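The model shown is predicted, which means the values in this text are computed figures rather than measured ones. Throughout, a chain's letter reflects where its sequence line sits, starting with A, and its residues are numbered from 1.
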Protein chains: 2
Amino acid sequence: MSKCEQCIVREFSSLKALTKDELIKLSDCKTSHIIKKGDVIFEEGENVNGIYCIKDGVCKLTKLSANGKDHIVKLVTKGELLGQRSMISDEPVNLSAVALEDMQVCFIPKSEVMGYFDKNNQFSMNVMKSICGDLKEADDHMVNLAQKTVKERLAETLLYLNDTFGKNEDSSLKVQLSRDELASIIGTATESCIRLLSDFKKLGLIELTGKKIVLKDINALKKLAE
Amino acid sequence: MSKCEQCIVREFSSLKALTKDELIKLSDCKTSHIIKKGDVIFEEGENVNGIYCIKDGVCKLTKLSANGKDHIVKLVTKGELLGQRSMISDEPVNLSAVALEDMQVCFIPKSEVMGYFDKNNQFSMNVMKSICGDLKEADDHMVNLAQKTVKERLAETLLYLNDTFGKNEDSSLKVQLSRDELASIIGTATESCIRLLSDFKKLGLIELTGKKIVLKDINALKKLAE
DNA sequence: TTAAAAATATGATATTTGTCATATTAAATA
DNA sequence: TATTTAATATGACAAATATCATATTTTTAA
């Protein structure tokens with residue numbers, strides 16, 4: 001079993017506050033998992049009873065809406081934690097987590113994590129800050145959904161994917177989303193999303209090759225996103 | 001200066017975890033304020049450096065969008081706290097707070113509150129749970145904005161106002177919002193909001209008398225909201 | 001490899017929502 | 001109270017977006 005001490009998740013997440021002793025104990029109680037693209041890590045309504053550390057890969061957090069469609073609330077990538085809100089609220093998770101690519105994750109049981117809250121104030125503060133960051137992001141996202149047009153949201157989302165997850169060697173966006181998934185981030189019909197991508201292509205803003213998307217004119221996209 | 005011990009805010013908020021000693025100290029360092037309807041408590045981008053306790057009244061939390069319109073992210077009422085996220089993140093507030101009716105609030109400086117985090121674990125957990133609740137609410141709200149029609153969102157918002165803030169003796173909604181404010185909760189143009197209210201009235205779902213709104217057919221509204 | 005299934009693309013059209021113009025009513029204030 | 005200003009209301013129209021149909025391409029799996 002791999003040690004937690006040099007893990008990328010420890011480096012970037014709230015877990016960076018853990019002491020040597022806490023890390024050794026953590027190494028013993030965690031379980032490692034390989035998740036295949038498309039696999040469900042947990043589903044809305046489930047009792048997860050712990051948190052997941054993402055060692056590698058990206059997943060989407062989705063919520064089923066009343067009309068039966070999934071909405072993608074957030075993308076989460078390596079170095080980040082999953083399931084904190086649910087653990088703290090002591091409630092079932094309110095979102096589903098599905099792998100967008102092959103992933104490596106570790107699971108830490110709730111009993112272990114709750115101990116850190118009691119004994120390690122810095123850890124508590126880190127978790128709080130991380131959740132506060134999510135909340136601020138959610139507020140921003142909300143206002144965008146309420147006030148911006150679909151075109152603006154698409155441009156913004158493409159820029160976000162570029163900034164957050166970077167590019168492949170062929171300079172296409174690293175995170176590959178289906179048109180359907182892209183539509184469910186920006187909150188529109190799949191056809192509308194496809195149509196706007198075609199428009200962007202015709203305007204020379206992007207290049208489309210199968211699922212691959214290359215951003216050709218970042219400045220123009222920024223203007224479109226306002 | 002009034003004591004914090006019997007205050008409604010202490011009863012319902014994270015502050016319920018404070019000890020007798022902490023409460024006595026708190027009574028000394030807090031400042032009380034009367035806020036008039038329409039007054040700004042704080043503005044997006046400001047450094048607040050503490051939290052507000054709402055003893056009485058309701059306020060709106062708004063965020064300016066790129067197109068210059070305000071969006072109402074959340075309504076906050078007596079017994080609740082304001083400014084927690086900003087204080088924990090150590091950032092300017094990301095939302096403005098404006099009184100919807102006359103309010104009584106107390107301000108507790110950051111230095112005082114941060115001390116509780118170090119010494120009182122139950123207080124920390126309470127704050128975390130409260131912010132986690134906000135985050136879950138924000139996720140729900142986000143999906144509604146992305147997936148529901150304006151009509152569905154209006155019906156849902158009317159029901160929410162009824163459930164959360166209750167009715168006056170004349171059975172009209174207690175929180176009085178202008179059509180403009182209502183529109184900026186549901187994320188639509190003021191005229192569209194007005195038009196849909198008229199439709200609801202014609203269908204016998206609500207009654208309109210000036211600013212007053214009476215819900216006549218809750219079940220039909222529930223069906224409309226899905 | 002080939003057939004079947006799924007994803008992407010595009011046209012035609014309907015519906016929803018926004019915008020602008022203009023009444024009408026209510027509220028503020030001189 | 002009278003006058004001004006702001007809020008509410010409604011019509012006419014334009015723009016944005018969704019829906020349905022269908023073609024094309026890509027992916028999956030027999």
For atom [atom1] of [X] and atom [atom2] of [N], their distance in whole Å:
X: B:D180; N: D:dA6; atom1: CG; atom2: C1'; answer: 11 Å
X: B:R179; N: C:dA27; atom1: CZ; atom2: P; answer: 11 Å
X: B:L197; N: D:dT10; atom1: CG; atom2: P; answer: 10 Å
X: B:Q176; N: D:dA7; atom1: CD; atom2: P; answer: 14 Å
X: A:D199; N: D:dT17; atom1: CG; atom2: C1'; answer: 13 Å
X: B:K201; N: D:dA9; atom1: NZ; atom2: P; answer: 7 Å
X: B:I194; N: D:dA6; atom1: CD1; atom2: C1'; answer: 12 Å
X: B:K211; N: C:dA27; atom1: NZ; atom2: P; answer: 7 Å

Measuring from the side chain of [X] (C-beta onward, heavy atoms only), which nucleotide among [options] has the closest atom?
X: A:R195; options: C:dG11, C:dA7, D:dT17; result: C:dG11
X: A:A189; options: C:dT8, D:dT8, D:dA18; result: D:dA18
X: A:T188; options: D:dA18, C:dA7, C:dT10; result: D:dA18
X: B:S198; options: C:dT10, D:dT10, C:dG18; result: D:dT10

Between [X] (side chain only) and [Y] (backbone N and O only), is there a donor and an acceptor less than 3.5 Å apart?
X: A:S65; Y: A:K69; result: yes
X: B:R85; Y: B:I131; result: no
X: A:T190; Y: A:D180; result: no
X: A:S172; Y: A:N168; result: no
X: B:S13; Y: B:L15; result: yes

Toward the 5' end of DNA chain C, by each residue's nearest nucleotide, A:S192 or A:A146: A:S192

Which residue lies more 5' along DNA chain D, comparing A:E191 with A:K148 via nearest heavy atoms: A:K148

Sugar-phosphate only, base, or nothing, as touched by A:T190 at under 4.0 Å among non-hydrogen atoms: nothing

